[in-house]
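Structure first, then comments.
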Amino acid sequence: NKKMILDLDTGIDDAMAIAYALAAPDVDLIGIVATYGNVLTPDAGLNSLRILELLGRTDIPVFLGEEHSQTTDSFEVMPISAQIHGKNGIGEVQLPDPSRALEEKSGVDFIIEAAHEYNSNLILVPTGPLTNLALALRKDPEVATLIGNVTIMGGALTVPGNVSPVAEANINQDPHAANEVFRSKTNLTMVGLDVTLRTLLTKKETQLWRDLNTNAGSKFADIVDYYIDVYKITSPHLGGCALHDPLAVGIALDSSFSTAMDLNMFVDTTDEMWGRTIGDPARLNEKNPNVTVALNVDADFYLERFMKYLSSLFAK
Ligand code: BDR
Ligand code: CA
C-alpha cells in the first residue's frame, strides 16, 4: 500500500480529508502534521486528534508544524476563516478532549524522515499553507525528489481566488513557501478552486450520515451542516459546500476522474498579485513541467466514491 501524510489546518473540509484517507482501501495514513490557517497550529493538531478519536484511529500520530510563515512573526486567524469553519474549526461542534498527546517530533522532521523511509511510495497531501513542506525542502533538498507525489489543495488557475481576485486562501497565507515548492523538483499536483468548487456536498448527503445512527455519522453531519449553512450565505450560487480538501486526497490516490495540464508554475509574491498561481514566464520553454494542474473533474464520479467511503467508515 501507498503511505500518506496529511498536512492540515483542521478545519471542516480538512476533517473530511482525514475521513477520506482513512476510508480509502488503497493507502495507509501514517501521520498528520498540523499547520495554521482555519485555526492556529496547536488547535489544528488538537482537532486532528479529536477527529481521529471520533473515528477510532488513535494509532495515527499527529505532529505540530510551523505556527506562521517565515516572512511573518505571528499568525492570526482571518475572520472569514472563523466564519466558515466556526471559531473552533469544526463548526462549533464540541468533541471530547483527546485522550492522548501530540508527538514531540516536529512535523517538518517527520516529513523529512518519512521521505527517506518510504520515498516514491509516499504521498504528501498539504491542505493548508505550504510552510512545512517549504521548510522540509530547505532543510533537506533531497526530499523534493524522494517523495513520490505531493498533491496540494490550493491555488486557482482558470477561476478567480477566494480571498482576493487572484489568491486562494491556502496559497495566500504563505505565497513565498508555495513558490519555493512550485519551483522545486517536487512531483506536484495542484488541486485548486478550478476543480474543488465543482465538487459539492449538500444536506441530502449529510442526512444519509445522520441516518446511520452512529456517533461518527451524526457528529460529522453536525460539523459539515455548519459548513453547508455558511456556504448558503457566502456562495449561494453553488448550491452546496465545496469538498476542497477531500478532493485533493481523492485525486492524490486516483487521478483518473480529473483532467489536468502539466505546467511549470510559480506563485506571485508581489503586492498587486499576492498569492496568484500561474504559469512561470521564466520557465515557459523548459521541458518536463513539474506541476500537474487539475482543471476539470467528474464530480458525480467523485461524489459517489466520497459517499461510499465516508458512509462505510461512519457506519462502523
Ligand atoms: C482552503 O482554505 C481552507 O479554508 C480550506 O480548509 C481549504 O483548504 C480552500 O480555499
Ligand atoms: Ca484546509
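Note that ligands are numbered from 1 as they come in the structure, with each ligand's atoms numbered from 1 the same way. Side chains are part of it too, since the values below use all heavy atoms of this structure and drop only hydrogens, waters and symmetry mates. As the structure is a computational prediction, the values presented were derived from the model and not from experiment.
- Residue M153 has at least one heavy-atom neighbour below 4.0 Å for each of these atoms of ligand 1: 1 (C), 7 (C), 8 (O), 9 (C).
- Residue contacts to the Ca ion (ligand 2): T127 brings an N, O or S atom closer than 3.0 Å.
- Taking 4.5 Å as the limit, every side-chain heavy atom of D268 sits out of range of all side-chain heavy atoms of I278.
- Put simply, the side chain of N264 does not reach to within 4.5 Å of the side chain of V291, judged on heavy atoms.
- At a 3.5 angstrom cut-off on N or O pairs, E168 counts as close to ligand 1.
- For I12, no heavy-atom contact with ligand 1 is shorter than 4.0 Å.
- Only the side chain of D14 comes within 4.0 Å of ligand 1, counting heavy atoms alone; its backbone N, CA, C and O stay farther away.
- Protein heavy atom nearest atom 4 (O) of ligand 1, with residue, atom name and distance: N38 OD1, 2.6 Å.
- Interface of D13 with ligand 1, defined as ligand atoms under 4.0 Å from a residue heavy atom, comprises 5 (C), 6 (O), 7 (C), 8 (O).
- Taking 3.0 Å as the criterion, D245 counts as a coordinating residue of the Ca ion (ligand 2), since one of its N, O or S atoms falls below it.
- Taking atom 8 (O) of ligand 1 as the reference point, the nearest protein heavy-atom neighbour is D245 OD1, 2.6 Å.
- Linking ILVMFWY side-chain heavy atoms closer than 4.5 Å, directly or via other members, places M153 and L22 in a single hydrophobic cluster.
- Aromatic ring centres of F266 and F182 lie farther apart than the 6.0 Å criterion allows.
- Vertex the Ca ion (ligand 2), arms ending at OD2 of D14 and OD1 of D9: the angle is 70° after rounding to 10 degrees.
- Y302 and L200 fall within a single hydrophobic cluster, where Ile, Leu, Val, Met, Phe, Trp and Tyr side chains are chained together by heavy-atom contacts under 4.5 Å.
- Under the 4.5 Å side-chain heavy-atom criterion for grouping Ile, Leu, Val, Met, Phe, Trp and Tyr, M4 is connected to I51 within one hydrophobic cluster.
- For K87, the NZ atom is loosely surrounded, since the number of other residues' heavy atoms within 6.0 Å does not exceed 12.
- Cluster annotation: L95 is connected to I12 through the hydrophobic network of ILVMFWY side chains, with a link wherever side-chain heavy atoms come within less than 4.5 Å.
- Atom 2 (O) of ligand 1 has N170 OD1, 3.4 Å as its closest protein atom, hydrogens excluded (heavy atom only).
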